[in-house]
Amino acid sequence: MSTHLVLLCAGATASFRAARFPDPAEPLDEGGRAAVRRFVPGGRRFDRCLIAPGMAARDTAALLSLTGEDEPSLRDIDAGDWTGAGLDEVDGAALAAWLAAPETGAPGGESMAAVADRVGSCLDGLAAGSMLAVTHVAVIRAAIAHALGIPVAATLGIDVTPLMRVTLSRHGHGRWRLQELRRA
């Protein structure tokens with residue numbers, strides 16, 4: 001039996017457009033809502049829909065008329081002390097350290113390794129079937145790292161954009177495979 005998972009990145013927020021650290025309470029901005037309304041998700045039918053608890057993911061799902069299960073393990077990375085802050089609003093030395101190793105996480109926040117662990121556990125626990133998950137940039141990068149067995153830092157070179165779709169699959173309890181990366 002196979003598992004087919006489509007990860008859909010939530011629509012854009014003002015923080016995403018301004019290159020600010022994510023804030024789970026931030027809704028889609030008007031441009032993000034308009035893009036979701038224009039988005040055509042395709043004709044595939046899914047057995048299950050998983051929705052990350054962040055406001056942007058919930059807004060995206062609602063605008064696409066998706067109903068599904070809340071999945072806490074698909075929540076966005078916790079940016080800690082830098083939640084909602086722009087690069088120009090954080091301590092210069094701390095920012096330089098983070099830019100040298102962004103996979104380590106923001107002060108008081110969650111590391112990409114921790115995100116990869118929780119996302120990997122979620123993926124490996126999925127039953128066979130076809131699923132759609134509405135989630136966030138960091139989660140999608142962590143899922144790609146898990147699927148390909150690569151360091152999560154390597155995925156920072158992948159542009160994950162709002163409404164991007166990433167398709168993963170596996171047969172039985174075998175290894176995940178990356179099938180597709182598609183921009184909206």
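Among all heavy-atom pairs drawn from Val6 and Thr167, the shortest one is CG2-OG1, 3.8 Å. The two atoms that bring Phe39 and Leu163 nearest to each other are CE1-O, 3.7 Å, heavy atoms only. Across all non-hydrogen atoms, the minimal contact from Ala94 to Pro107 is CB-CG, 4.4 Å. Closest approach of Ala61 to Ile51, counting heavy atoms only: CB-CD1, 3.6 Å. Nearest approach of Pro162 to Ala184, heavy atoms of both residues: O-CB, 4.1 Å. Considering every non-hydrogen atom in both Gly31 and Arg17, the closest pair reads C-NH2, 3.2 Å.
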**Item:** Check against side-chain contact (heavy atoms from CB on, under 4.5 Å), Cys9 and Leu7
**Value:** CA-CA 6 Å; Cys9 190; Leu7 296 150; over 6 Å; no

**Request:** Could you walk me through whether Gln179 and Leu168 pass side-chain contact (heavy atoms from CB on, under 4.5 Å), step by step?
**Result:** CA-CA 6 Å; Gln179 288 189 325; Leu168 305 174; over 6 Å; no

**Verdict with reasoning, Glu30 to Arg37, per salt bridge (Lys or Arg N to Asp or Glu O under 4.0 Å)** = CA-CA 11 Å; Glu30 187 51 45; Arg37 285 186 203 103; 3.6 Å; yes

**Request:** Could you give me the CA-CA distance, side-chain angles and deciding distance for Leu50 and Leu132, then say whether side-chain contact (heavy atoms from CB on, under 4.5 Å) is met?
**Result:** CA-CA 6 Å; Leu50 306 173; Leu132 172 67; over 6 Å; no

**Prompt:** Does the side-chain contact (heavy atoms from CB on, under 4.5 Å) test come out yes or no for Thr135 and Leu8, once each step is laid out?
**Reply:** CA-CA 6 Å; Thr135 189; Leu8 174 63; over 6 Å; no

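Partners of Arg118 by side chain to side chain contact (heavy atoms under 4.5 Å, CB included), not counting sequence neighbours, listed by chain and number: Arg75, Glu110, Val115, Val139. Applying the side chain to side chain contact (heavy atoms under 4.5 Å, CB included) criterion to Leu181, with sequence neighbours excluded, gives Ile144, Met164, Val166, Leu178. In this structure Ala128 satisfies the side chain to side chain contact (heavy atoms under 4.5 Å, CB included) test together with Met1, Thr3, sequence neighbours excluded. Every residue two or more places apart in sequence or in another chain that forms a side-chain hydrogen bond (donor to acceptor under 3.5 Å, both in side chains) with Trp176 is listed here: Asp124. In this view, Leu156 and Pro102, Glu103, Arg141 satisfy the side chain to side chain contact (heavy atoms under 4.5 Å, CB included) rule, not counting sequence neighbours. Every residue two or more places apart in sequence or in another chain was checked for a side-chain hydrogen bond (donor to acceptor under 3.5 Å, both in side chains) with Thr155, and none qualifies.
At a threshold of 4.5 Å between non-hydrogen side-chain atoms, the residues Thr104 and Met112 do not count as touching. In this structure the side chain of Leu66 reaches within 4.5 angstrom of the side chain of Cys49, judged on heavy atoms.
Put simply, CE on Met131 and CG on Leu123 are 9.0 Å apart, with the number rounded to the nearest 0.5 Å. Residue Leu74 holds its CG atom at 9.5 Å from CD1 of Ile140, rounded to the nearest 0.5 Å. Put simply, CG on Asp81 and CG on Asp78 are 9.0 Å apart, with the number rounded to the nearest 0.5 Å. Taken to the nearest 0.5 Å, the CZ atom of Arg183 stands 4.0 Å off from the OG1 atom of Thr161. With values rounded to the nearest 0.5 angstrom, Leu99 atom CG is found 6.5 Å from Leu87 atom CG.
In the hydrophobic cluster analysis, where Ile, Leu, Val, Met, Phe, Trp and Tyr join through side-chain heavy atoms closer than 4.5 angstrom, Leu63 is grouped together with Val134. Hydrophobic clustering (side-chain heavy atoms under 4.5 Å, transitive across Ile, Leu, Val, Met, Phe, Trp, Tyr) keeps Met55 apart from Val36. Phe16 and Leu28 sit in two unconnected hydrophobic clusters of ILVMFWY residues. Membership requires side-chain heavy atoms under 4.5 Å apart, directly or through other members.
Trp98 and Phe21 have perpendicular rings, their planes meeting at more than 60° on a 0 to 90° scale where under 30° would count as parallel.
The closest donor-acceptor contact from the side chain of Asp47 to the backbone of Ser130 lies under 3.5 Å. Judged by distance alone, the side chain of Ser73 and the main-chain N or O of Cys122 form no donor-acceptor pair under 3.5 Å. Panel note: side chain Glu26, backbone Asp23; no donor-acceptor pair is recorded below 3.5 Å. Side-chain N or O atoms of Asp59 include none that pairs as donor or acceptor with a backbone N or O of Pro27 at under 3.5 Å. Arg20 places a side-chain N or O within donor-acceptor distance of the main-chain N or O of Gly84, the cut-off being under 3.5 Å. A donor-acceptor contact shorter than 3.5 Å is absent between the side chain of Arg177 and the backbone of Arg170.
The neighbour count for Arg182 CZ, taken as heavy atoms of other residues, nucleotides or ligands under 6.0 Å away, does not exceed 12. With a 6.0 Å radius and a threshold of 12 heavy atoms from other residues, nucleotides or ligands, Arg45 has its CZ atom at or below the threshold.
A salt bridge links Arg48 and Glu69; the closest N-O separation between the charged side-chain nitrogens and carboxylate oxygens is under 4.0 Å. Salt-bridge check for Asp70 with Arg58: passed, with a basic side-chain N closer than 4.0 Å to an acidic carboxylate O.
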